[in-house]
There are 2 protein chains.
Amino acid sequence: MQITTANPTGHDSREGLLKAARELIVGRSYSAVGIAEICAHAGVRKGSLYHFFPGKEALTLAMLDALYADFEQEVLIPALAGVDGLGARIEAFVRAIHDFEAGIKADTGQLPGCPFGNLAVEMGTHNPTLRQAIREHLDAVTAHFRSVLDEAVQDGELPSHTDTDALAEQWLALMEGILVMAKANQDPATILRLGPALGALLNPTPEARHES
Amino acid sequence: MQITTANPTGHDSREGLLKAARELIVGRSYSAVGIAEICAHAGVRKGSLYHFFPGKEALTLAMLDALYADFEQEVLIPALAGVDGLGARIEAFVRAIHDFEAGIKADTGQLPGCPFGNLAVEMGTHNPTLRQAIREHLDAVTAHFRSVLDEAVQDGELPSHTDTDALAEQWLALMEGILVMAKANQDPATILRLGPALGALLNPTPEARHES
DNA sequence: CTTGCACTTTACCGACCGGTCAACTAGTGT
DNA sequence: ACACTAGTTGACCGGTCGGTAAAGTGCAAG
């Protein structure tokens with residue numbers, strides 16, 4: 001059991017910084033969290049941060065990549081593939097988002113909303129680099145939605161003329177809006193209350209459905 | 001034409017500060033704009049700001065009140081009362097929001113998104129005072145939406161069992177989401193592209209409409 | 001044994017943050 | 001003429017921001 005203070009691999013420090021950045025920035029915001037706080041939370045000195053990352057922005061970009069990967073594996077894929085039928089998938093997705101937000105609120109006392117949407121709103125007008133990265137992550141989410149909708153068209157749950165591209169974008173927009181409202185309310189119940197609107201947007205009402 | 005450097009009424013300075021705070025904070029964000037910049041933009045020294053307002057937060061609260069009042073008078077009421085019929089009102093509203101955002105983008109090069117939603121997202125988790133004020137403004141917007149929906153129920157455009165409270169909240173959520181997407185894209189066309197989703201959410205499809 | 005390298009540590013930088021203060025100016029009421 | 005007061009001014013405060021630089025540490029390969 002040797003103690004290596006030098007930590008030649010540096011993976012602990014790097015990953016600790018990414019984890020600290022995630023928890024703090026997601027829980028508060030980009031500008032409300034300083035690198036000093038991130039370093040303290042990770043148990044690392046400031047100089048080490050600048051050994052692994054060129055600066056705060058690069059650290060945030062790397063954090064967002066890791067965050068999206070986890071979100072995809074732990075939320076997006078399980079919720080959307082875990083059940084059959086468009087309606088059930090939407091419901092499972094809403095519940096997954098609710099549980100995610102409610103969990104963070106229970107841990108930290110704060111309901112964060114969508115980490116990507118938050119950053120897009122906060123930095124969209126004055127940090128093109130971050131904005132572009134966030135845009136790409138949002139596009140990736142939209143692609144998941146679209147493939148769910150395409151499958152629903154395939155299965156006859158949606159009319160064959162459905163514009164799944166447009167519908168997927170609307171899905172994301174409504175979800176982002178729901179999370180803005182939930183954050184403004186600081187109340188996860190907002191997500192459950194507004195969730196059914198997704199069904200109204202994406203599912204044809206029984207009367208409106210004209211089977212092809 | 002006397003020149004009064006002392007400005008005994010102080011209204012010019014106060015209103016100049018509110019205007020500068022609005023332009024800068026709406027165009028960027030709360031934390032990205034310092035009081036020094038606000039004062040410079042208003043042509044006023046920092047000490048004068050603290051003569052009229054206890055601090056940055058109070059200035060922002062006053063700015064939000066004025067902003068909402070203008071938004072109500074210049075956008076909300078004209079767009080929603082200027083035409084007849086639910087569908088036409090939604091369309092007019094979307095176009096008004098688009099023109100508002102596109103106008104600012106043309107002037108400043110930045111598409112700001114919803115000023116209230118932005119602040120809610122940025123400060124929601126760590127400034128309860130601002131969050132609460134924003135919540136009240138969002139509630140006021142929702143009330144306008146609801147009265148439009150109530151009128152549509154009255155006119156038989158919506159079924160009499162319609163939950164206009166819930167629908168108004170969904171309307172606001174979707175609008176906020178649309179503006180998040182538009183800001184992430186920095187493209188006002190996003191608003192026009194996603195706008196029709198509001199119609200899908202609020203208007204029964206022709207096939208689904210069962211006249212009462 | 002030595003050199004090189006990955007990583008850590010500490011002290012430090014200029015810039016800016018929101019906010020304070022006391023002195024000053026100029027109109028107003030008496 | 002006087003005091004009062006609303007408003008203005010510029011210097012100043014401690015603290016924090018993101019970022020830098022140089023010295024030091026310990027392992028591994030030659």
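In what follows, chains carry the letters A, B, and so on, assigned in the order in which the sequence lines appear, proteins first and then strands, with residues in each chain numbered from 1.
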Open item on the list: Could you tell me if A/Lys56 sits above the aromatic ring of A/Tyr30, with its cationic atom closer than 6.0 Å to the ring centre and no more than 45 degrees from the axis?
Closed with: yes
Open item on the list: What contact category does A/Gly55 fall into here, base, sugar-phosphate, or nothing, at under 4.0 angstrom with non-hydrogen atoms?
Closed with: sugar-phosphate
Task: Distance in angstrom units between B/Lys46 NZ and D/dT9 C1', rounded - done: 13 Å
- [ ] Let me know the distance between CG of A/Leu49 and C1' of D/dA21, rounded to the nearest Å.
- [x] 16 Å
Open item on the list: Counting C-beta onward and ignoring hydrogens, is there a side-chain heavy-atom pair between B/Leu174 and A/Gln170 closer than 4.5 Å?
Closed with: no
Open item on the list: Side chains of A/Thr190 and A/Leu111, heavy atoms from C-beta outward: is any pair under 4.5 Å?
Closed with: no
- [ ] Measure from CD on A/Glu57 to C1' on D/dG19 and round the result to the nearest Å.
- [x] 14 Å
Open item on the list: If you only use heavy atoms from C-beta on, which nucleotide in C/dT8, D/dG19, D/dT8 is closest to the side chain of B/Phe52?
Closed with: D/dT8
- [ ] Could you check whether B/Gly47 gets within reach of a base, just the sugar-phosphate, or nothing at all, counting any heavy atom under 4.0 Å?
- [x] base
Task: N or O in side chain of A/Ser48 less than 4.0 angstrom from C/dC7 OP1/OP2 - done: no
- [ ] Rounded off to whole Å, could you give me the CG-to-P distance for the A/Leu17 and C/dT9 pair?
- [x] 12 Å
Task: Gap between atoms CG and P, on A/Leu59 and D/dG19 respectively (whole Å) - done: 10 Å
- [ ] May I have the distance from A/Tyr30 (atom OH) to D/dC17 (atom C1'), rounded to whole angstrom?
- [x] 12 Å
- [ ] Tell me whether the OP1 or OP2 atom of C/dC7 has a side-chain N or O from A/Ser13 closer than 4.0 Å.
- [x] no
- [ ] Please tell me if the side chains of B/Met63 and B/Leu17 come closer than 4.5 Å, counting only heavy atoms from C-beta onward.
- [x] no
Task: Residue met sooner reading DNA chain C from 5', once A/His51 and A/Arg45 are mapped to nucleotides - done: A/His51
Open item on the list: Taking the side chain as everything from C-beta on, heavy atoms only, tell me whether A/Val121 gets closer than 4.5 Å to B/Glu122.
Closed with: no
Open item on the list: Which nucleotide wins on minimum distance to the side chain of A/Lys56, given the candidates D/dT8, C/dC17, D/dG19?
Closed with: D/dG19
Open item on the list: Distance check needed: C/dG18 P versus B/Ile38 CD1, whole Å only.
Closed with: 8 Å
Open item on the list: Using whole Å, what does the distance between atom P of nucleotide C/dC16 and atom CZ of B/Arg28 come to?
Closed with: 13 Å
